[in-house]
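Structure first, commentary second.
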Amino acid sequence: MSGITRITQVATVGIRVTNQQKATEFYVGELGFEVRRDVPFGGGRWIEVAPPGAATTLALVPEGVPVGVRLATRDAEADHADLRARGVDADAELVRTGPGVPPMFTVRDPDGNDLILVESS
């Protein structure tokens with residue numbers, strides 16, 4: 001049975017970096033990407049870069065932050081409830097880490113790949 005989610009786009013692909021500053025310099029200086037987001041996150045920063053005009057970004061994530069594909073959804077809570085009710089392998093709980101961080105949760109596809117659904121406005 002297929003269902004309808006509120007997913008709107010492949011938003012961000014998180015990749016592991018050992019040094020966010022050096023990674024940012026490479027993507028911006030060598031590949032010509034632009035910085036789309038650079039904000040405090042936990043004890044570090046959340047940095048997203050992308051080619052000019054691209055809809056999907058790369059998140060340059062440090063150790064301890066999940067890597068993988070992040071999908072934008074209009075309503076994380078509703079998608080979480082719907083997917084779990086249909087038996088999709090999804091986190092037991094919606095993650096809410098605090099002010100300024102949108103609600104999110106992870107689902108796993110049949111091959112065990114993590115897809116992180118993040119609410120976007």
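What's counted below: heavy atoms across the whole structure, side chains too, no hydrogens, waters or symmetry copies. Nothing here was measured: the structure is a model prediction, and the numbers come from that model.
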Quiz prompt | Asp79 CG to Leu94 CG distance, which is reported to the nearest 0.5 Å | solution = 10.0 Å

Exercise. Looking only at non-hydrogen atoms, find the nearest pair between Ser120 and Ala72 and report the distance.
Key: OG-CB, 3.5 Å

Quiz item: According to the salt bridge (Lys or Arg N to Asp or Glu O under 4.0 Å) rule, which pairs have a member within residues 42-63, sequence neighbours left out?
Solution: Arg16-Glu63, Arg37-Glu48, Asp38-Arg45

Self-check item: Heavy-atom closest contact (Thr56 atom, Ala50 atom, distance)
Solution: O-CB, 3.6 Å

Self-check item: Val65 reachable from Leu117 in the ILVMFWY side-chain graph, under 4.5 Å edges
Solution: no

Quiz prompt | Side-chain (Gln20) to main-chain (Leu60) donor-acceptor, under 3.5 angstrom | solution = yes

Quiz item: When clusters are formed by joining ILVMFWY residues with side-chain heavy atoms under 4.5 Å apart, either directly or through shared neighbours, do Val13 and Ile47 land in the same one?
Solution: yes

Exercise. Mind checking the CG-CZ spacing from Leu58 to Arg36? Nearest 0.5 Å is all I need.
Key: 10.5 Å

Practice problem: Kindly work out whether a path of hydrophobic side-chain contacts (I/L/V/M/F/W/Y, heavy atoms less than 4.5 Å apart) joins Phe41 to Tyr27. | Solution: no

Exercise. Examine Val39 and Val49 and state if one hydrophobic cluster contains both, with Ile, Leu, Val, Met, Phe, Trp and Tyr joined whenever side-chain heavy atoms are less than 4.5 Å apart.
Key: no

Self-check item: Shared hydrophobic cluster, Phe26 / Ile15 (ILVMFWY, side-chain heavy atoms < 4.5 Å)
Solution: yes

Quiz prompt | His80 NE2 to Thr73 OG1 distance, which is reported to the nearest 0.5 Å | solution = 12.0 Å

Quiz item: Is a side-chain N or O of Thr12 found less than 3.5 angstrom from the main chain of Arg70, in a donor-acceptor match?
Solution: no

Quiz item: Under the side chain to side chain contact (heavy atoms under 4.5 Å, CB included) test, which residues partner Ala78, sequence neighbours left out?
Solution: Arg6, Asp75

Below 3.5 Å, can you tabulate the donor-acceptor pairs from side chains in residues 95-110 to any protein atom, sequence neighbours excluded?
unit_1 : atom_1 : unit_2 : atom_2 : d
Arg96  : NH2    : Glu77  : OE1    : 3.1
Arg108 : NE     : Asp89  : OD1    : 3.2
Arg108 : NE     : Asp89  : OD2    : 3.2
Arg108 : NH1    : Asp91  : OD1    : 3.2
Arg108 : NH2    : Asp89  : OD1    : 3.3
Arg108 : NH2    : Asp91  : OD1    : 3.3
Asp109 : OD1    : Asp111 : N      : 2.8
Asp109 : OD1    : Gly112 : N      : 3.0
Asp109 : OD1    : Asn113 : N      : 2.9
Asp109 : OD1    : Asn113 : ND2    : 3.4
Asp109 : OD2    : Asn113 : ND2    : 3.0

